[in-house]
Amino acid sequence: MSKPILEMRGISKSFAGVQALKNVSFRCQAGLVYGLVGENGAGKSTLMKILAGVYKADAGDIIYKGMPRLSASTGEIIASGISIIYQELALVPQMSVAENIFLGREPRTSMGLLDLGRLYARSDELLSRLGVALDTRSLVSQLTIAQQQLVEIAKALSQDADLIVMDEPSAILAGSELDQLFDIIAALKAQGVTIIYISHRLEEVFRIADEVTVLKDGEVVDSRPIGQLNRHTLVRLMVGRSLDEIFPQTDHEQGDLALIADDIATDTILDGVSLRLHAGEILGIAGMVGSGRTELARALFGADPLTRGEVRLAGATPQWKTPSQAIRAGVALVPEDRKSQGLFTALSVRINVTIPILSRLSRLGIVRRQTEEQVVEDARQRLSIVMTSPEQETQYLSGGNQQKVVLAKWLETAPAVIILDEPTRGVDVGAKFEIYKLMRQLNDRGIAIIMISSELPEVIGMSDRILVMNDGRVAGELLRENADEERIIELATLGGAEAQSA
Amino acid sequence: MALAKRKSGLALSRDNRWRLRKFVADYGVYIALAILLLVAAVLTPKLFAVDTIAVVMRQAAQLGIVAIGQTLVLLVAGLDLSVGGIFIMTSVVVAEVGNGRNEMIAPAILTALALGALVGLGNGLLVTKRRVPPFVATLGMLVLVKGATQAYTRGVPGGFVPEALGIVNQSWFVLSVPLALWLGLNAIFIFVLRGTSYGRRVYAVGSNIEAARLSGIPVDAIRISVYVLGSLFAVVSGVVLTGYVLYVDRFIGSGLDLDSIAAAVVGGTAFIGGRGGLLGTIAGVLIIQILSTMVVLLGLDVEVQFIIKGLVILGAVTLYSVAATEA
Ligand SMILES: Nc1ncnc2c1ncn2[C@@H]1O[C@H](COP(=O)(O)OP(=O)(O)OP(=O)(O)O)[C@@H](O)[C@H]1O
Ligand SMILES: [Mg+2]
């Protein structure tokens with residue numbers, strides 16, 4: 001065995017009474033891909049933030065390239081060849097894509113001035129290596145979260161690192177972007193770069209990892225070469241029990257028409273989408289990053305104004321132009337970007353969960369505290385949210401637990417139609433199936449669901465029908481019976497017309 | 001083994017440091033107030049004479065009533081500089097409409113409240129519908145209100161403040177009318193912020209406006225309502241001030257506008273919105289008022305007062321931002 005490039009020994013870390021890591025040891029050989037998996041709140045991101053110098057470990061040593069690492073700033077750590085793609089994206093919204101990629105390391109001319117030509121040329125080149133068509137001059141604030149994710153990846157690649165940590169880079173990528181990412185990982189590996197890859201999508205871990213480390217409740221459960229594992233054993237290590245991962249189905253007939261959208265378009269990419277949604281069904285929306293899925297969700301919910309067409313409940317005239325009107329009409333949206341659109345990070349779990357149902361929880365404008373606490377406790381149990389107390393600020397929850405809080409918040413509104421944009425983004429396997437079961441329970445109560453997802457097995461496993469989007473339009477509709485990954489990817493990449501003639 | 005022990009000891013101390021920071025963020029202002037009282041006990045024991053306490057508390061109440069409104073506005077990530085104009089407007093309205101007749105006090109106050117609400121509405125509409133930054137919108141409104149008041153009075157305010165408004169100078173030992181008003185309004189609005197759905201929505205809008213909008217909260221209405229409340233509190237404070245001096249003063253309440261912002265910020269309400277509350281503001285008001293009084297008691301120049309206030313504000317803001325950086 002060659003000498004490891006990185007060795008983390010006996011790392012412990014706690015936050016205000018929560019022990020996030022207990023005596024964790026983790027080592028990497030150069031040029032291999034390491035999968036890091038575990039349930040939400042297991043401590044994966046914390047371990048990587050310690051590696052990046054964002055947090056200081058309470059105890060333990062880090063030996064990098066044969067040298068014990070003493071205290072170092074995040075900048076020095078990047079310079080030493082470690083780069084990290086964070087789970088909660090950290091780009092500067094008011095800057096362009098290229099400026100973000102080279103933030104703090106902008107190419108300069110011999111005169112010491114900013115070399116804009118090279119800045120954009122090198123950014124363009126990086127993005128094309130990723131196979132992403134994105135204008136490097138556009139502002140990050142104008143990008144969708146998935147596009148921002150791609151910029152983060154490009155940024156990490158631009159740092160010419162020896163060790164790259166990817167904290168759930170794939171959570172919102174689909175199809176060809178994912179393939180592109182894996183191609184890049186393979187190429188990096190061939191150049192001797194070490195990769196630590198965190199994901200809740202285990203099929204990805206099996207596809208690219210050489211070795212897998214499982215964290216549970218802040219401790220390493222096991223570390224094994226991938227060859228000694230199968231999906232079943234890996235899940236058991238993570239969750240601590242066996243889990244039959246079967247997508248729950250409904251057996252009831254399709255219900256009445258619930259929601260109708262006719263030829264809707266917005267200022268964004270959306271360009272003439274029509275759909276019909278029935279009570280008690282799940283309509284899956286698939287498509288590439290930037291195909292208009294999120295824009296569709298926002299348009300249906302009244303979050304973006306329509307420039308054409310109309311949305312209404314079946315048997316009614318259009319009733320909403322704004323989110324608050326939509327909510328009153330019985331429509332809910334779980335947005336894709338939890339940090340900027342879903343969460344009140346400075347406020348407690350309790351306040352987050354009950355904010356849309358305050359009028360139901362209060363009498364004469366006064367919130368009934370006991371009922372409220374009961375609602376939060378029910379949500380915690382149902383979605384197994386890991387938190388120290390309902391008063392914990394949501395910014396201190398792990399990514400997956402934040403997602404559960406956002407989900408809980410909307411499930412409480414008991415809507416007639418619920419639009420879920422990447423509902424299981426960053427959620428661990430166990431909780432994922434809890435969410436699936438919950439969706440079917442909602443169906444059984446007659447609630448109609450639209451589910452946008454980049455995870456094809458999830459779309460295929462859960463949807464009764466699937467709309468595939470391409471370039472702001474519906475490229476095709478598939479019934480569950482004849483949907484498979486290939487067919488979806490074909491529609492998503494080629495678009496409707498070509499796919500049919502092909 | 002010994003090493004492991006030492007390390008776990010270290011772990012504990014880091015954990016404690018985190019708690020300490022959180023403690024500072026949550027309770028720092030109360031500790032600061034306690035320390036200030038101790039210092040005052042040594043330097044200016046006269047502060048604790050019943051008469052002085054009564055004066056300090058009445059002045060604290062005048063500032064504190066505006067500061068309630070200012071805190072609400074700051075909670076939605078806003079700012080209200082127009083309160084200074086409202087004091088002057090209130091004083092002129094009370095004198096013009098009241099014109100020395102006690103039976104006109106109620107109509108005079110109602111008129112001032114109505115005009116104040118209009119100013120608040122203007123602030124709110126500018127900030128929400130025209131998307132003018134709060135600093136600019138309320139500064140413009142300040143100039144406008146001051147200018148309009150002056151144009152109306154042609155520089156020489158007419159009318160007389162009705163005598164009976166002097167009721168605000170009544171007190172029962174330390175408990176003066178303004179103090180009772182301040183405490184009562186605080187009790188109501190502490191409850192509103194904590195216990196009602198309106199209060200939750202105020203925090204939500206300040207914490208993340210886009211998430212609030214997507215949660216179905218009428219964000220513009222909430223923000224406008226908060227600006228209106230801010231102006232109404234300023235009117236109430238203006239009435240109390242007018243009753244105190246019992247004549248129309250063109251410089252009435254000068255300095256209270258910035259002090260109200262300072263009190264809220266020292267009390268832990270953040271400029272970025274969504275954080276803080278009225279208990280902290282009460283402590284902030286007391287700190288500022290006690291400092292001013294101590295400067296007077298020590299016979300120092302008024303300029304010293306500004307320097308000390310400035311240092312206190314900078315100190316508080318620094319402390320909060322240090323406490324906010326985690327781990
Ligand atoms: N800054 C912080 N302050 C307080 N607690 C924290 C902080 N960061 C993380 N935690 C806690 O530490 C634990 C581990 O969190 P971490 O983010 O490492 O989980 P994770 O394994 O990355 O989970 P996920 O899969 O959901 O992203 C959680 O219980 C979390 O609430
Ligand atoms: Mg994480």
(request) Under 4.5 Å heavy-atom distance to chain B, tell me which part of A:K339 shows up: side chain, backbone, both or neither. (result) backbone
(message) Looking at every heavy atom in both A:L358 and B:S197, which two are closest together, and how far apart are they?
(response) CB-CB, 3.6 Å
(message) Given 3.5 Å as the limit, does a donor-acceptor pair link the side chain of B:N208 with the main chain of A:F344, or not?
(response) no
(message) Using the side chain to side chain donor-acceptor pair (under 3.5 Å) criterion, which residues pair with B:S225? Sequence neighbours excluded.
(response) B:Y198
(message) Under a 4.0 Å threshold between the charged nitrogen and the carboxylate oxygen, would A:R298 count as salt-bridged to B:E210?
(response) yes
(request) Pick one of side chain, backbone, both or neither for B:R275, based on which atoms fall under 4.5 Å of a heavy atom in chain A. (result) side chain
(message) Looking only at heavy atoms and a cut-off of under 4.5 Å, which of B:G199, B:A204, B:G206 has the most pairs with chain A?
(response) B:A204
(request) Kindly compute the distance separating OG (B:S207) from CD (A:E393), expressed to the nearest 0.5 Å. (result) 9.0 Å
(request) State, yes or no, whether a side-chain contact exists between B:Y203 and A:I351 at a heavy-atom distance under 4.5 Å. (result) no
(message) Can you confirm whether A:I355 sits close enough to B:I217 that some side-chain heavy atom of one is under 4.5 Å from a side-chain heavy atom of the other?
(response) yes
(message) Given 3.5 Å as the limit, does a donor-acceptor pair link the side chain of B:R213 with the main chain of A:A303, or not?
(response) yes
(message) Just so I know, are the side chains of B:R200 and A:R350 near enough to count as touching, which here means a heavy-atom distance under 4.5 Å?
(response) yes
(message) Please identify, among A:P356, A:A346, A:S359, the residue contributing the most non-hydrogen atom pairs under 4.5 Å to chain B.
(response) A:A346
(message) Is A:L343 close to chain B through its backbone or its side chain, or both, or neither, when contacts mean heavy atoms under 4.5 Å?
(response) backbone
(request) Check whether any side-chain heavy atom of B:S215 lies under 4.5 Å from a side-chain heavy atom of A:K409, and answer yes or no. (result) yes
(message) Can you tell me which portion of A:S340 sits under 4.5 Å from chain B's heavy atoms? Options are side chain, backbone, both or neither.
(response) backbone
(message) Within a 6.0 Å radius of atom CZ on B:R194, are there more than 12 heavy atoms belonging to other residues, nucleotides or ligands?
(response) no
(request) Taking heavy atoms only and a threshold strictly under 4.5 Å, list by residue number the residues of residues 319-327 of chain A that touch chain B; give 'none' if the list is empty. (result) A:P323, A:S324, A:I327
(request) Check each atom of A:R363 against the heavy atoms of chain B and say whether the ones under 4.5 Å are side chain, backbone, both or neither. (result) neither
